[in-house]
Amino acid sequence: MAELNWEFEDLQDLFKDYNHSYNTNMSDIQPDSSPCRQEFLDVNKYAVVTTYVLVFLLSLLGNALVILVIFFSQISRSVTDIYLLNLAVADLLFALTLPIWAASKAKGWVFGTPLCKLVSLLKEANFYSGILLLACISVDRYLAIVHATRTLTQKRHLVKFICLGIWTLSLVLSLPLFIFRETYKPPYSGPVCYENMGANTTKWRIVMRILPQTFGFLLPLLVMLFCYGLTVRTLFEAHMGQKHRAMRVIFAVVLVFLLCWLPYNLVLVADTLMRLGLIRETCERRNHIGRALDATEILGFLHSCLNPFIYAFIGQKFRHGLLKLLAHYGLVSKEYLAKEGRTSFAGSSTSTTL
């Protein structure tokens, strides 16, 4: 009976997987062998598919424009712009996988193991590169404002190596998922894309959560809180809020990232604590966490299309850069560009394009 319970527990793990939740009619088996039927988020799957497709289109258009504007503004490109450029590339790569996730929500995973590994890798790499890039931006702003140093910001070749290191670390953190992910057909359900780790599925999944969550989320978050806390204090003490008002763009980007991804990660922490036995596991609690993972995952996916809206509505220099790009191709008049340019650069002393 113990072996039977362990097999059922492993099968249930894949439906509470922190990367993708899939609905099934399977029942949970508790240690006392009493059945625990899993409940599901009552959301029309076609509404979810429509949301994914809409996010895909907005992200594709918005992040492509961000990349073009930054590349077009080579003279005024700052270190922060290089980081934001990499952030846009990460969001764009993830957006390309959204139609696949949308189709899997409607029909199950019908794309085979190779594509399962690839799109899972892109999703994880997008998340980790995003928060690591934001942490690097916070360090750059901290050095430039709190310590008034331009040692790093003037050496752009160092920033390129930092970005390369971020991408490498993101791929390393995502590698276990790439290795263990495969297509599986559980009983009473359509095919799914999940980690297959043999008899130790539960234990390995906990390890795969704790290590990436520590080095890929918690530590970068602490770095951002420290750097931005001291940066904001310095700006207020020196009455430099107006002078550095372009910092609003950076703060908005960080805030939106946290609003989109922090709920998902908090639910993961709760689920991990439950699996470790630090929180009592019940049928009701399992179902609550499962529904929360479904909802917060959609919120996390939504993040990939939001940054361009932040740049457009808050970043005056981004709007000017976009108009300059459109004027270059004759889509807006040079007179209108000159008029908007005087407004965009008035009162701004930062060199960031966005």
Give a yes or no on whether Phe215 atom CZ has more than 12 heavy-atom contacts from other residues, nucleotides or ligands under 6.0 Å away.
-> no
Is it possible for you to say whether [X] and [Y] belong to one hydrophobic cluster, with membership spreading through side-chain heavy-atom contacts below 4.5 Å?
| X | Y | answer |
| --- | --- | --- |
| Leu85 | Leu164 | no |
| Leu68 | Leu84 | yes |
| Leu255 | Phe217 | no |
| Tyr311 | Leu61 | yes |
| Leu134 | Leu259 | no |

Nearest heavy-atom neighbours spanning [X] and [Y]:
| X | Y | value |
| --- | --- | --- |
| Asn86 | Cys163 | ND2-SG, 3.4 Å |
| Leu98 | Val55 | CD1-CG1, 3.6 Å |
| Leu122 | Thr97 | CD1-CG2, 3.4 Å |
| Lys117 | Phe178 | NZ-O, 2.9 Å |
| Ile137 | Tyr83 | CG1-CB, 3.5 Å |
| Asp81 | Ser78 | OD2-N, 3.0 Å |

Is the ring centre of Phe301 less than 6.0 Å from the ring centre of Phe94?
-> yes
Check whether the side chains of Asp91 and Asn126 place a donor and an acceptor atom closer than 3.5 Å, and report yes or no.
-> yes
Are any non-hydrogen side-chain atoms of [X] and [Y] less than 4.5 angstrom apart?
| X | Y | result |
| --- | --- | --- |
| Asn307 | Ile310 | yes |
| Ser129 | Trp167 | yes |
| Pro263 | Leu299 | yes |
| Ile67 | Val89 | yes |
| Leu302 | Cys305 | yes |
| Cys193 | Ser104 | no |
| Leu60 | Leu92 | yes |

Leu132 vs Leu169, side-chain contact (heavy atoms from CB on, under 4.5 Å): CA-CA, chis, key distance, verdict = CA-CA 9 Å; Leu132 291 172; Leu169 179 58; 3.8 Å; yes
Is it true that Lys123 and Glu297 have a side-chain N and a carboxylate O under 4.0 angstrom from each other?
-> yes
Just verifying a value: how many Å separate [X] [atom1] and [Y] [atom2], rounded to the nearest 0.5 Å?
| X | Y | atom1 | atom2 | result |
| --- | --- | --- | --- | --- |
| Glu281 | Asp271 | CD | CG | 8.5 Å |
| Ser174 | Ile179 | OG | CD1 | 11.0 Å |
| Leu96 | Asn63 | CG | CG | 10.0 Å |
| Ile289 | Ile279 | CD1 | CD1 | 6.5 Å |
| Ile250 | Arg141 | CD1 | CZ | 7.0 Å |
| Thr183 | Leu115 | OG1 | CG | 8.5 Å |

Please work out whether the ring planes of Tyr228 and Phe251 are parallel, tilted or perpendicular, with thresholds of 30° and 60°.
-> perpendicular
Check the angle between the aromatic planes of Phe257 and Trp261 and answer parallel, tilted or perpendicular using the 30° and 60° thresholds.
-> tilted
Go through the steps to decide whether Val223 and Val139 satisfy the test side-chain contact (heavy atoms from CB on, under 4.5 Å), and finish with yes or no.
-> CA-CA 8 Å; Val223 169; Val139 173; 3.8 Å; yes
Partner of Trp101 under ring pair (Phe, Tyr, Trp, His ring centres under 6.0 Å), picked from Phe56, Trp109, Tyr52, is Trp109
Can you list the steps and then say if Met274 with Arg286 is a side-chain contact (heavy atoms from CB on, under 4.5 Å)?
-> CA-CA 9 Å; Met274 183 179 69; Arg286 279 192 177 194; 4.0 Å; yes
Under the side-chain contact (heavy atoms from CB on, under 4.5 Å) criterion, do Asn265 and Val269 qualify, and how do the steps go?
-> CA-CA 6 Å; Asn265 283 272; Val269 171; 5.6 Å; no
Say whether, by atom type as modelled, one donor and one acceptor occur between the side chain of [X] and the main chain of [Y] under 3.5 angstrom.
| X | Y | value |
| --- | --- | --- |
| Asn287 | Cys283 | yes |
| Ser59 | Ser304 | yes |
| Thr113 | Glu182 | no |

